[in-house]
Amino acid sequence: MYAMKPIIEKDVIDLLNRGRFEGNMEGYVLSDGADLFGWSLFRIDGDITMMLDILSPGDQFLDGLIRASVAYGEARGATKFSFNKDNADFMRYKKVFFEKQGDVISNDLLFTPCEGE
């Protein structure tokens, strides 16, 4: 059974980060039982959740990891989110869902249903 949960162990975040990003980070893992097969790393900086990196086994999980990460930031006061422009998965996702938005996107746009629904 698939599970998505926040990473609470700092050593796991350090292992996934591999020294690429500095400062405090948060993360989510995607697993099937004991098998880890997806994750996200992000930072909450004031009112912005900055999505730093992601590993997703497919598009169906990419959206879920992004939404879970942004919701985690929102629960801690972030009202906006942004993507690391060096990550191809984030840029593809942004182009599909937020092409006309700037670099910083309101959480409302991620969690509000599309018009007409």
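- Annotation: Phe42 is not in aromatic contact with Phe81 [ring centroid separation under 6.0 Å not met].
- Taken together through direct or relayed side-chain contacts under 4.5 Å among Ile, Leu, Val, Met, Phe, Trp and Tyr, Leu41 and Ile8 form parts of separate hydrophobic clusters.
- Looking only at side-chain heavy atoms (C-beta outward), Leu62 and Asp89 come within less than 4.5 Å of each other.
- By the side-chain contact (heavy atoms from CB on, under 4.5 Å) test, Lys80 pairs with Asp47, Ile48, Val104, sequence neighbours left out.
- For the pair Arg67/Phe111, a side-chain contact is recorded, criterion being any heavy-atom separation below 4.5 Å from C-beta on.
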Handout entry: Test log, rule side chain to side chain contact (heavy atoms under 4.5 Å, CB included), inputs Ile66 and Phe83
Key = CA-CA 10 Å; Ile66 290 171; Phe83 295 115; 4.1 Å; yes

Practice task
For Phe21 and Asn84, run side chain to side chain contact (heavy atoms under 4.5 Å, CB included): C-alpha distance rounded to whole Å, both residues' side-chain angles, the deciding distance at 0.1 Å, then the answer.
Solution key: CA-CA 11 Å; Phe21 306 104; Asn84 174 0; 3.6 Å; yes

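- Of the inter-residue distances, the one linking Ile54 atom CD1 with Asn87 atom CG reads 7.5 Å to the nearest 0.5 angstrom.
- Residues Arg76 and Thr49 are not in side-chain contact: their nearest non-hydrogen atoms beyond the backbone lie 4.5 Å or more apart.
- With Lys95 contributing its side chain and Phe90 its backbone, the two residues share no donor-acceptor pair below 3.5 Å.
- Using modelled atom types, one side-chain atom of Arg20 and one backbone atom of Asn17 make a donor-acceptor pair closer than 3.5 Å.
- Atom CZ of residue Arg92 and atom CZ of residue Phe97 lie 9.5 Å apart, to the nearest 0.5 angstrom.
- Looking at Pro6 and Tyr72, their side chains come closer than 4.5 Å, going by heavy atoms from C-beta outward.
- Side-chain N or O atoms of Asp53 include none that pairs as donor or acceptor with a backbone N or O of Ser40 at under 3.5 Å.
- Identified under the salt bridge (charged side-chain N to carboxylate O under 4.0 Å, His left out) test for residues 24-33, with sequence neighbours left out: none.
- Below 30°, between 30° and 60°, or above 60°: for Phe98 and Tyr93 the angle between ring planes is between 30° and 60°, a tilted geometry.
- Under the side-chain contact (heavy atoms from CB on, under 4.5 Å) criterion, Ile7 pairs with Glu9, Val12, Ile13, Leu16, Val29, not counting sequence neighbours.
- Across every non-hydrogen atom of Ala68 and Met4, the tightest pair is CB-SD, 3.6 Å.
- Note: Met25 CE to Asp14 CG = 7.0 Å, rounded to the nearest 0.5 Å.
- A distance of 8.5 Å separates CD of Gln101 from OG of Ser106, quoted to the nearest 0.5 Å.
- The closest side-chain heavy-atom distance from Lys85 to Met91 is below 4.5 Å.
- Taking OG of Ser69 as the reference point, atom CG of Leu110 lies at 10.0 Å (rounded to 0.5 Å).
- Cluster membership check: Tyr2 does not share its hydrophobic cluster with Leu55, using side-chain heavy-atom separations under 4.5 Å among Ile, Leu, Val, Met, Phe, Trp and Tyr.
- Using a 4.5 Å cut-off on side-chain heavy atoms (C-beta onward), Met50 and Asp45 make no contact.
- Atom CG of residue Leu36 and atom CG of residue Leu15 lie 9.0 Å apart, to the nearest 0.5 angstrom.
- In terms of heavy-atom proximity, Gly38 sits nearest to Leu65 at C-CD1, 4.4 Å.
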